[in-house]
Amino acid sequence: QVQLVESGGGLVQAGGSLRLSCVASGRTFSGYAMGWFRQAPGKEREFVACISRSAGSTYYADSVKGRFTISRDNAKNTVYLQMNSLKPEDTAIYYCAAGAYSGKPDDYAYWGQGTQVTVSS
């Protein structure tokens, strides 16, 4: 089992920045790729970014490429999502997940409870 706890969400104006963190406990953190997903009201959960186990590879959704950066610190069992140039359409609940290096939610076995990000115009 892997337990994931996200933090860092909040309310920010358009153009602002936020940094999300996700701390893992339980089984070996470095044994999993990590992903960030988001879900806006009335919409399906969508992929945001993922990072490989060693942090050697990253992959982003087109909608966030160039604005968001995923990183991880295996010594701290933590994955981060730095979000810059935020837009109102980035408003959603953001979830971190542990699993395979993939953009598909089904490839992730463990999920956090989510953290709300709201971007005002």
Side-chain angles (χ1 to χ4, degrees):
Q1 286 284 355
V2 176
Q3 292 78 42
L4 302 171
V5 179
E6 302 97 334
S7 62
L11 174 63
V12 64
Q13 289 188 333
S17 298
L18 282 174
R19 188 195 196 200
L20 305 184
S21 299
C22 172
V23 179
S25 60
R27 300 187 68 176
T28 305
F29 176 72
S30 60
Y32 296 93
M34 298 297 296
W36 285 96
F37 292 78
R38 65 187 182 187
Q39 188 166 18
K43 295 188 177 182
E44 292 187 354
R45 190 169 296 189
E46 67 170 353
F47 169 74
V48 175
C50 64
I51 187 166
S52 62
R53 291 177 294 176
S54 65
S57 297
T58 57
Y59 174 53
Y60 296 91
D62 288 343
S63 58
V64 306
K65 200 173 295 182
R67 300 188 297 122
F68 291 10
T69 302
I70 188 171
S71 61
R72 66 189 295 164
D73 185 339
N74 286 345
K76 295 183 178 179
N77 287 0
T78 303
V79 61
Y80 305 96
L81 186 67
Q82 177 68 43
M83 305 186 296
N84 299 329
S85 303
L86 282 161
K87 306 175 181 179
E89 51 264 44
D90 294 319
T91 295
I93 299 174
Y94 283 71
Y95 300 89
C96 72
Y101 182 69
S102 169
K104 300 176 182 178
D106 287 347
D107 289 334
Y108 291 82
Y110 303 103
W111 292 81
Q113 82 290 346
T115 185
Q116 177 71 48
V117 171
T118 303
V119 184
S120 63
S121 57

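One is the number of the first residue; the rest follow in order along the sequence.
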Donor-acceptor contact below 3.5 Å, side chain Arg72 vs main chain Ala55: no

Plane angle bin for Trp111 and Phe37 - parallel if under 30°, tilted between 30 and 60°, otherwise perpendicular: tilted

Thr118 side chain to Thr91 backbone, donor-acceptor under 3.5 Å: no

4.5 Å side-chain heavy-atom contact, Phe68 and Leu86: yes

Trp36 vs Val79 side-chain heavy atoms within contact, under 4.5 Å: yes

Note: Lys65-Asp62 ion pair, threshold 4.0 Å (strictly below): yes

Shared hydrophobic cluster, Val48 / Val119 (ILVMFWY, side-chain heavy atoms < 4.5 Å): yes

Student check: side-chain heavy atoms of Lys76 and Ser21 closer than 4.5 Å: no

Minimum side-chain heavy-atom gap Glu6-Tyr94 below 4.5 Å: no

Donor-acceptor pair, side chain of Tyr108 and main chain of Ala100, under 3.5 angstrom: yes

Euclidean distance, Tyr80 OH relative to Asp73 CG, rounded to 0.5 Å: 5.0 Å

Non-hydrogen side-chain atoms of Tyr101 and Asp107 separated by less than 4.5 Å: no

Min side-chain heavy-atom separation Ser120-Gln13 under 4.5 Å: yes

Test item: Tyr59 and Ile70 side chains (from C-beta on) under 4.5 Å apart, heavy atoms: no

Met83 vs Asp90 side-chain heavy atoms within contact, under 4.5 Å: no

Same apolar cluster (I L V M F W Y, side chains within < 4.5 Å links), Leu20/Phe29: yes

Leu4-Leu81 co-clustered via ILVMFWY side chain contacts under 4.5 Å: yes

Path from Ile93 to Phe47 over hydrophobic side-chain contacts below 4.5 Å: yes

